[in-house]
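Computation of the quantities below employed the complete heavy-atom set of this structure, encompassing side-chain atoms and omitting hydrogens, waters and symmetry-equivalent molecules. Note that the structure is a prediction, hence the values are computed from the model and not measured. Naming: A, B, ... by sequence-line order, numbering from 1 per chain.
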Protein chains: 2
Amino acid sequence: MSLKHAVLGLLSESPASGYDLMKLFNASLTNVWPATQSQVYGELGKLTAAGLAEVSAHGPRGRKEYAITREGIAELQHWLAEVPPGGPHRDESLLRVFFLGVLTPLEARTFLLGRAEETARLHAELRRVDEETQWDDDMISVYGRLTLEYGLRMTAAQEEWARWAAEQIDSAKVREASDRVRSRHGLGTGDGPAATARDDGPDDAPAPTA
Amino acid sequence: MSLKHAVLGLLSESPASGYDLMKLFNASLTNVWPATQSQVYGELGKLTAAGLAEVSAHGPRGRKEYAITREGIAELQHWLAEVPPGGPHRDESLLRVFFLGVLTPLEARTFLLGRAEETARLHAELRRVDEETQWDDDMISVYGRLTLEYGLRMTAAQEEWARWAAEQIDSAKVREASDRVRSRHGLGTGDGPAATARDDGPDDAPAPTA
DNA sequence: ACCCGACGTGTCAAGAGTGGAATGTGGGAG
DNA sequence: CTCCCACATTCCACTCTTGACACGTCGGGT
């Protein structure tokens, strides 16, 4: 339901063609609300039909420049101020964590550390954007800055958590529990994907403490 | 693509009927990967057709108990260990922040503080769950605990951010920028949704510092 | 003069997710 | 014994999202 508002929001900054909007999506909204061509063009059509946007100019190669209408602004404001945000976050990474017990503790640990590095990478990327952008005082800049800061804080917290979680796994209890589950399914050497997962002997040896 | 793995993951813990799975989804995965009846039952069908799950028992009222198969386990492991996580987060709240400039600074500030409270509420709820749960050492407990900790950390960071962001808005520059954008669209008293949004005089008076 | 790369629009198929409704049965409370 | 609620499945119609494909055109560099 929110692609509509994303497009309206971008149009509220300045008129744009579908092509322009795609660039904007890829530039500023990639990590917030990704969208594809088909979606954008489709949405522009619906928006126009609904009277929330209109074609404000025709350009060179069939280019249609869309502008937000008064009704569009109203709808945007309505959405921002009155519609209760209720997006149930789906988090694939987290879903994986939940079932990490199906892997060996070693594999699980590796996964978490991988997550940590990935998050760190994203964090660095965001920091780079932050530093390279010259923040002036238009709407996109001001609130874009807030959005970016959010990203910075979240990625930082995520990395911290992932490293902490990896440590948690280095515990005898966890290893026992995992073994129990795995043996319940008759898992041992075979079957599994990465042959890294082997149970060559009791897990008494201390886990490699990186 | 991940509902499939969510179902497989739950089945890997113990066999269950579609009805059971729904309860599990609502109990433990609501904030990670929400799902509806139609989805779950549909997925069970596909899973069975694909040989990743099978009907392991028939119960009282047409009840079909599903169990994960060896292939299912393998697929789950494969997904966990080898498929690179790439979920592009969509965050509706964040999208709103990006366009908050369409509202008055006061409204924007209110929105952010509302977010802060909402997050705080969720945080408290998670803490409650954490304390009330008796964490033993099976897979769901151990990794569920990690997942929960993630939620606790994220909600904490989000609330902090929201309060910080609300403060940021109390700045002359932001107010000017917002006014500029709003006037560009000829906004004043009318039109807008919440009549709270009024520009009765210059915004020189300090914003109410909660 | 020509050609390639950027501009620019559009359609389609398929899968994911939402929300609601229809249908039926078993078992326990009263 | 009866009735109602929890159990349990299935179908439907819709929107959102993805990914690819198809098509046409302006403009500048060689």
Side-chain angles (χ1 to χ4, degrees), chain A residues 1-8 10-11 15-27 29-50 52-66 79 83 86-92 95, chain B residues 1-8 10-11 15-27 29-50 52-66 79 83 86-92 95:
Chain A
M1 224 27 192
S2 292
L3 172 68
K4 169 175 162 185
H5 301 108
V7 173
L8 280 178
L10 289 177
L11 285 181
S17 70
Y19 195 82
D20 294 337
L21 286 177
M22 273 316 298
K23 278 191 295 187
L24 286 173
F25 264 98
N26 292 329
L29 291 179
T30 342
N31 294 300
V32 177
W33 204 276
T36 58
Q37 270 197 6
S38 11
Q39 261 179 297
V40 169
Y41 282 107
E43 200 58 48
L44 281 173
K46 286 190 224 165
L47 250 26
T48 307
L52 303 177
E54 61 188 1
V55 177
S56 62
H58 289 268
R61 34 217 113 185
R63 175 191 173 93
K64 280 182 279 187
E65 202 175 65
Y66 291 86
W79 176 68
V83 179
H89 300 30
R90 280 199 170 77
D91 193 325
E92 194 191 298
L95 183 62
Chain B
M1 224 27 192
S2 292
L3 172 68
K4 169 175 163 186
H5 300 108
V7 173
L8 280 177
L10 289 176
L11 286 181
S17 69
Y19 195 83
D20 294 336
L21 286 177
M22 273 316 298
K23 277 190 295 187
L24 287 172
F25 265 97
N26 293 329
L29 291 179
T30 342
N31 296 300
V32 178
W33 204 276
T36 58
Q37 271 197 3
S38 6
Q39 261 179 295
V40 169
Y41 281 106
E43 201 57 49
L44 280 174
K46 287 190 223 165
L47 250 27
T48 307
L52 303 177
E54 62 188 1
V55 177
S56 61
H58 289 268
R61 46 218 108 181
R63 175 191 175 96
K64 280 180 279 187
E65 202 174 66
Y66 292 87
W79 176 69
V83 179
H89 296 30
R90 278 200 171 76
D91 192 325
E92 194 192 297
L95 183 63

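Across D:dC7, D:dG19, C:dG8, the shortest atom-to-atom separation from the side chain of B:Lys23 is found for D:dC7. Relative to the side chain of B:Arg90, the nucleotides C:dT18, C:dC7, D:dT17 differ in distance, and D:dT17 lies closest. Distance from the side chain of B:Tyr19 is smallest to D:dT9 among C:dT9, D:dT9, C:dT18.
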**Message:** Please determine whether side chain to side chain contact (heavy atoms under 4.5 Å, CB included) holds for the pair A:Leu52 and A:Lys4, giving the CA-CA distance in whole Å, both sets of side-chain angles, and the decisive distance to 0.1 Å.
**Reply:** CA-CA 10 Å; A:Leu52 303 177; A:Lys4 169 175 162 185; 4.0 Å; yes
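Not one side-chain nitrogen or oxygen of B:Arg61 sits closer than 4.0 Å to the OP1 or OP2 atom of D:dT10. One finds a side-chain N or O of B:Gln39 lying less than 4.0 angstrom from the OP1 or OP2 phosphate oxygen of C:dT18. Contact between the side-chain N/O atoms of A:Lys64 and the OP1/OP2 oxygens of C:dG10 is found at a separation under 4.0 Å. At the phosphate of C:dG10, neither OP1 nor OP2 sits under 4.0 Å from any side-chain N or O atom of A:Arg63. Distances shorter than 4.0 Å separate none of the side-chain N or O atoms of B:Tyr41 from OP1 or OP2 on D:dT10.
As judged by a 4.0 angstrom heavy-atom cut-off over every strand, A:Thr36 is placed among the base-contacting residues. Using a 4.0 Å heavy-atom criterion, one finds that B:Lys46 contacts the sugar-phosphate atoms exclusively.
Of the possible donor and acceptor atoms, none in the side chain of A:Ser2 sits under 3.5 Å from a partner among the backbone N and O of A:His5. Formation of a donor-acceptor pair under 3.5 Å by the A:Tyr41 side chain with backbone atoms of A:Thr36 is not found in this model.
When each of A:Leu3 and A:Gln37 is assigned the nucleotide of DNA chain D bearing its nearest heavy atom, the one mapping closer to the 5' terminus is A:Leu3. Where B:Glu65 and A:Gly62 each meet DNA chain D at their nearest nucleotide, the meeting point lying more 5' is that of B:Glu65.
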